[in-house]
Amino acid sequence: MKKILLLGAGGFVGSHLTIELLKRGGFSLTALDLTHEKLDEGLRRAAQFEIEDTRAEDTSGAINRMVSNIQYVVLDILASEQEAELKSLISEHDTIVNLVAVCNPALYVSDPIYTFDVGFRANLKVFDICAELDKRLIQFSTSEVYGKSPSIYVKDQAFHFNEEESDLIMGPINRHRWIYATGKQLLERIIHAYGIKHDFRYSVIRPFNYIGEMIDYLPSQKEGSPRVFSHFMDALLNSRPMKLVNGGHQKRCYTYIKDATEAHVRIIEREEACDKEIFNVGTNDNETSIRNFAYRMREIYDQEFRLEGQELSPIVDVSGKEFYGEGYDDIDRRLLDNSK
Ligand code: NAD
Ligand code: UDP
């Protein structure tokens, strides 16, 4: 049975991936994270679906079947005192899937050093151990490594980011939002260089705005500033204003997490075909401006979920500086070449 260590398995993408691998079977999994709340919730839901599908007796029986091939580890990959344990875990597995990062733009702006420490320093340590022990590494990077679209220079032209061809256009240093993207970019460059020189086995995944169940906590549930979907949902549930940053003209393409997970599983399964490859994972089918996204979400909420008498949220404009603070910058458009 192939042994896979998933770092960051308790996050949004990690929970979906771990559960899908468990459902398929044939893997022995170790799920490492600071917390496993989301993964537990996902397993409970997956077991519930299994019961509905198969008329199985109870949720605990279904959960027990799924969790028999998984081990939970709570470990902080930044902590130097836990490095020996991390190394020992890596040594016991065949494939390492690294999803750990600080991944929300509000934190890149409010705490750029923490963003760098986790996204680069800690992940470099994971890479170093994998290189030393000759382990296959699947590194989650980001569509943000492409930076701004060239359409900011050449108006009205659609550019599709390509893994082998596209230039990577970052903003100035005083826009420290880019520390996340530049950290991920340098990590990719180091992994690639080792691939050439030492035949290091790796695949890099660049996700393009995934969306789906368990994406982020709502700001009214838990401290912090999540990604846009959870901000808008929170505003709708609490009849508060939905805030459009800098007019909401920037565009994104959204990919359903279960479709993305299918791609992640295939990359894990096809070691030889995917070796030393970088993959854009996403679709161009759902491109929308954030303004349009807000109006569409409000319309659906109004039609499907609004309680009688509940006030519908107003949609208001705010500046990036007002919403995120000094150092914010944005990506105007994010289309991808997903032919690979
Ligand atoms: P997430 O924040 O939900 O998951 C990241 C996980 O890493 C969290 O569960 C967190 O607890 C864990 N973590 C953070 N610091 C840690 C530490 N020091 N030690 C151990 N665990 C730690 O994010 P996600 O959306 O699941 O993203 C997963 C990966 O995909 C990230 O690398 C991210 O950069 C990349 N990505 C995701 C998207 C997307 O659309 N979700 C887009 C671009 C890139
Ligand atoms: N945004 C917004 N209102 C919010 C939160 C975010 O208009 O309440 C904008 C943000 O400025 C960005 C887009 O929505 O242009 C997507 O932001 P998100 O944080 O989801 O992640 P990104 O795609 O920028 O990494």
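Numbering of ligands and ligand atoms starts at 1, following listing order. None of these values were measured; they are calculated from a predicted model.
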Inset, instruction - For Cys103 and ligand 1, answer yes if some heavy atom of the residue is under 4.0 Å from a ligand atom, otherwise no. - result: yes
Inset, instruction - Between Ile77 and ligand 1, find which residue part has any heavy-atom pair under 4.0 Å and reply side chain, backbone, both or neither. - result: both
Inset, instruction - May I ask you to identify, for Tyr180, whether its side chain, its backbone, both or neither come under 4.0 Å of ligand 1 on a heavy-atom basis? - result: side chain
Inset, instruction - May I ask you to list the residues sharing a hydrophobic cluster with Ile196, side-chain cutoff 4.5 Å, ordered by chain and number? - result: none
Inset, instruction - Kindly indicate whether a cation-pi arrangement holds for Arg227 with Phe12, taking the cut-offs as under 6.0 Å to the six-membered ring centre and within 45° of the axis. - result: no
Legend entry - Phe208 near ligand 1 by a heavy-atom separation under 4.0 Å: no
Inset, instruction - Could you walk me through whether Arg270 and Glu277 pass salt bridge (Lys or Arg N to Asp or Glu O under 4.0 Å), step by step? - result: CA-CA 11 Å; Arg270 297 173 196 190; Glu277 294 283 353; over 6 Å; no
Inset, instruction - Report the hydrophobic cluster partners of Tyr328, with the cluster defined as I, L, V, M, F, W, Y residues connected by side-chain heavy atoms closer than 4.5 angstrom, directly or transitively. - result: Val109, Val245, Val318, Phe323, Tyr324
Inset, instruction - Give yes if a backbone or side-chain nitrogen or oxygen of Thr142 is under 3.5 Å from a nitrogen or oxygen of ligand 1, and no if not. - result: no
Inset, instruction - Look at the side chain of Arg298 and the backbone N and O of Ser313, then say whether any donor-acceptor pair between them is shorter than 3.5 Å. - result: yes
Inset, instruction - Could you go through the salt bridge (Lys or Arg N to Asp or Glu O under 4.0 Å) check for Glu163 and Arg206 one step at a time? - result: CA-CA 9 Å; Glu163 298 95 331; Arg206 293 178 179 164; over 6 Å; no
Legend entry - Closest protein heavy atom to atom 3 (O) of ligand 1, given as residue, atom name and distance to 0.1 Å: Phe12 N, 2.8 Å
Inset, instruction - If you have a sec, work out which protein heavy atom is nearest atom 44 (C) of ligand 1 and how many Å separate them, to one decimal? - result: Ser141 O, 3.3 Å
Inset, instruction - Please answer whether the main-chain N or O of Asp76 pairs with a side-chain N or O of Gln82 as donor and acceptor at a distance below 3.5 Å. - result: yes
Inset, instruction - Around atom 4 (O) of ligand 1, find the nearest protein heavy atom and jot down its residue, atom name and distance. - result: Gly11 CA, 3.4 Å
Legend entry - Proximity to ligand 1 by part of Leu7, non-hydrogen separation under 4.0 Å: neither
Inset, instruction - Take every heavy atom of Glu144, measure it against each atom of ligand 1, and state whether any distance is under 4.0 Å. - result: no
Inset, instruction - Provide, to 0.1 Å, the distance between atom 41 (N) of ligand 1 and the closest protein heavy atom, together with that atom's residue and name. - result: Arg227 NH1, 3.1 Å
Inset, instruction - Can you sort out which atoms of ligand 1 are near Leu75, meaning under 4.0 Å from one of its heavy atoms? - result: 19 (N), 20 (C)
Inset, instruction - For atom 26 (O) of ligand 1, find the nearest protein heavy atom and state the residue, atom name and distance (0.1 Å precision). - result: Val13 N, 2.8 Å
Inset, instruction - For atom 37 (C) of ligand 1, state which one of Ala79, Ala101, Pro207, Gly14 supplies the nearest heavy atom. - result: Pro207
Inset, instruction - For Gly10, take its heavy atoms, then give the atoms of ligand 1 lying under 4.0 Å from any of them. - result: 9 (O)
Inset, instruction - Quick one: look up the protein heavy atom nearest atom 17 (C) of ligand 1 and list residue, atom name and how far away it is. - result: Asp76 OD1, 3.6 Å
Inset, instruction - Return yes when Arg206 approaches ligand 1 closer than 4.0 angstrom through a heavy atom, no otherwise. - result: no
Legend entry - From Ile268, Thr30, Asp94, residue fulfilling side chain to side chain contact (heavy atoms under 4.5 Å, CB included) relative to Ile4: Ile268
Legend entry - Within-cut-off N or O pair, Lys184 and ligand 1, under 3.5 Å: yes
Inset, instruction - Just jot down the ligand 1 atoms closer than 4.0 angstrom to any heavy atom of Leu99, in number order. - result: 5 (C), 28 (C), 29 (C), 31 (C), 32 (O)
Inset, instruction - Sort out the contact shell of ligand 2: every protein residue with a heavy-atom distance below 4.0 Å, listed by chain and number. - result: Pro105, Glu144, Arg177, Asn209, Arg227, Val228, His231, Phe232, Lys243, Leu244, Val245, Gln250, Arg252, Ile290, Phe323, Tyr324, Tyr328, Asp330, Arg334
Inset, instruction - Taking all heavy atoms of Met214 and all of Lys38, pick out the closest pair and write down the distance. - result: O-NZ, 3.0 Å
Legend entry - Mutual orientation of the aromatic rings belonging to Tyr194 and Phe200 [parallel < 30°, tilted 30-60°, perpendicular > 60°]: perpendicular
Inset, instruction - Would you kindly check if the NZ (Lys) or CZ (Arg) of Lys184 is within the cone defined by 45 degrees around the ring axis of Phe140 and under 6.0 Å from the six-membered ring centre? - result: no
Inset, instruction - List the closest protein heavy-atom neighbour of atom 40 (O) of ligand 1: residue, atom name, distance to the nearest 0.1 Å. - result: Tyr210 N, 2.8 Å
Inset, instruction - Nearest heavy atom to atom 30 (O) of ligand 1 wins, so pick from Tyr217, Phe140, Tyr114. - result: Phe140
Inset, instruction - Return the residue, atom name and 0.1 Å-rounded distance of the protein heavy atom closest to atom 11 (O) of ligand 1. - result: Asp33 OD1, 2.6 Å
Let me check something: any side-chain donor-acceptor pairs from residues 125-134 under 3.5 Å, sequence neighbours excluded? List them with distances.
residue, atom, partner, partner atom, Å
Lys125, NZ, Ile77, O, 2.8
Glu132, OE1, Lys87, NZ, 3.4
Glu132, OE2, Lys87, NZ, 2.9

Inset, instruction - State whether the number of non-hydrogen atoms from other residues, nucleotides or ligands found under 6.0 Å of His192 atom NE2 is greater than 12. - result: no
Legend entry - Sole residue of Arg252, Lys251, Arg334, Arg333 in side chain to side chain donor-acceptor pair (under 3.5 Å) with Glu287: Arg333
